[in-house]
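Here the structure is laid out as structure tokens; the discussion comes afterwards.
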Amino acid sequence: MGVNLRDLIPDSIRVETDVKGLKGNTIALDAYNTLYQFLAAIRQPDGTPLMDRMGRVTSHLSGLFYRTINLAEEGVRPVYVFDGEPPRFKAKELEERARRREQAEAKLAEARTAGLVEEARKYAQQAIRLSSGMVEEAKKLLEAMGIPWVQAPGEGEAQAAYMARRGDAWAAGSQDYDSLLFGSTRLVRNLAITGRRKLPGKDLYVEVKPEVIELSALLKNLGITREQLIAIGIILGTDYNEGAKGIGPKRALNIVKSIGDPLKAIKAAGVREPWIDEVYNYFLNPPVTSDYTITFNPPNEREINRILVEEHDFNPDRVAKAVDRLKKAYRENLKAKQSRLDAWFS
DNA sequence: CATATGGA
DNA sequence: TCCATATGG
């Protein structure tokens, strides 16, 4: 999922930090990416997600609620950016994902009847569905919490990058690297508090710290332009194209630097999709909107309780405790600072 | 992924 | 304060 720039980016460009080091910064978070990861991670050992008494999945709400409060408490100002319409050349990728999900669902049923717990968990993670209802409910919860969200016209990563470029956000936040191709000034990955990540297939957890990748530092280090970075991404493969067979990050960088012109390099590398010029233009100039405001509001405790406790069977004491933390974080970290002049007029 | 809890 | 383990919905 997403463009795979992992092996292109030198370790020296990945700046490890902790959440405290991001205090005061507005971060435009890829909502889809975030919710999807909660759905993948917040599960019982056999892969069963958290559910309310009606059997509706609540893992995404639990993750969103507690993580957002943690970030706010540490002084991070989160803005969630939701996907709009995908570009039409993403249809193939989306169909493939749907197909893989159906296969995983079948395998999950098999594993469950066979009583294979680890197998079941594996396939449950591959069978994740983020429904439009779940997305709508996440937006409702954010509103109740007083946390801003933005509806992107196209890809959320593109909108987040635009917000960073305008200076409305300090960085885009996602596990994927796409926002760098979309021109985000910075990308923050691994933005979580506890920083635990399960190693695939093993019962081991490793500590993972947030990392910041600055676009200008990356381009300078590689000696390329943003346009050339887009070309490399396309050669390596994106959600919109397969990438050139047998070419890894080193050769992709070489080809792009020696040829110079991004579109010529893409073709010289052997990328054959006929719609590839459109993909290049989409990364360079994606649909975005300036019609948003980033405003933090006081948490609406009644509404939070209605959604989490009444509707979805969250523990009222736990929720109340978290809401208290959110109220304090709002006062101390999120509330717009009033200038002395504003105070005089109000 | 996150909180809660109990023992070192 | 740290760690391991259980539980959250």
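Naming convention: chains lettered A, B, ... in sequence-line order (proteins, then strands); numbering from 1 in each chain.
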Inset, instruction - Tell me yes or no: between the side chains of A:Gln151 and A:Lys139, is some donor less than 3.5 Å from an acceptor? - result: yes
Inset, instruction - Taking only heavy atoms on the protein side, list every residue of residues 298-320 of chain A lying under 4.0 Å from any atom of DNA chain B, sorted numerically. - result: A:Arg318
Legend entry - Ion pair A:Lys20/A:Asp18, N-O distance below 4.0 Å: no
Inset, instruction - Please state how far atom CZ in A:Arg325 lies from atom C1' in B:dA4, giving the value in whole angstrom units. - result: 13 Å
Legend entry - Pair A:Gln159-A:Thr289, side-chain hydrogen bond (donor to acceptor under 3.5 Å, both in side chains): steps then yes or no: CA-CA 7 Å; A:Gln159 180 68 28; A:Thr289 181; 5.6 Å; no
Legend entry - A:Glu119 with A:Lys122: basic N within carboxylate O range, under 4.0 Å: yes
Legend entry - Within 6.0 Å of CD in A:Gln44, more than 12 heavy atoms from elsewhere: yes
Inset, instruction - Mark yes or no for whether A:Thr68, through its side chain, and A:Phe65, through its backbone, hold a donor-acceptor pair below 3.5 Å. - result: no
Legend entry - SB check A:Asp277 A:Lys267 (cutoff 4.0 Å): yes
Legend entry - For A:Lys90, the option from A:Glu155, A:Glu95, A:Glu85, A:Glu278 that meets salt bridge (Lys or Arg N to Asp or Glu O under 4.0 Å): A:Glu155
Inset, instruction - Indicate yes or no for a side-chain donor-acceptor contact from A:Arg112 to the backbone of A:Asp46 under 3.5 Å, with no hydrogens or angles considered. - result: yes
Legend entry - For C:dG9, the Watson-Crick or wobble partner whose two distances fall under 3.5 Å: none
Legend entry - Among C:dG9, B:dA2, C:dG8, the nucleotide that comes nearest once only the side chain of A:Ala192 is considered: B:dA2
Inset, instruction - In whole angstrom, give the distance that lies between atom CG of A:Leu50 and atom P of B:dT3. - result: 13 Å
Could you list, one pair per line, each protein nitrogen or oxygen that sits under 3.5 Å from a nitrogen or oxygen of nucleotides 1-4 of chain C, together with the distance?
none

Inset, instruction - Give, ordered by number, those residues of residues 67-76 of chain A having at least one heavy-atom distance below 4.0 Å to an atom of DNA chain B; if nothing qualifies, reply none. - result: A:Arg67, A:Asn70
Inset, instruction - Send over the distance from A:Arg43 CZ to C:dG9 C1', rounded to a whole Å. - result: 13 Å
Legend entry - Check: A:His312/A:Glu137 side-chain N/O donor and acceptor closer than 3.5 Å: yes
Inset, instruction - Could you tell me whether A:Lys92 and A:Glu96 have a side-chain N and a carboxylate O separated by less than 4.0 Å? - result: no
Legend entry - Whole-Å gap separating P (C:dG9) and CG (A:Leu39): 16 Å
Inset, instruction - Please state how far atom OH in A:Tyr66 lies from atom P in B:dT3, giving the value in whole angstrom units. - result: 8 Å
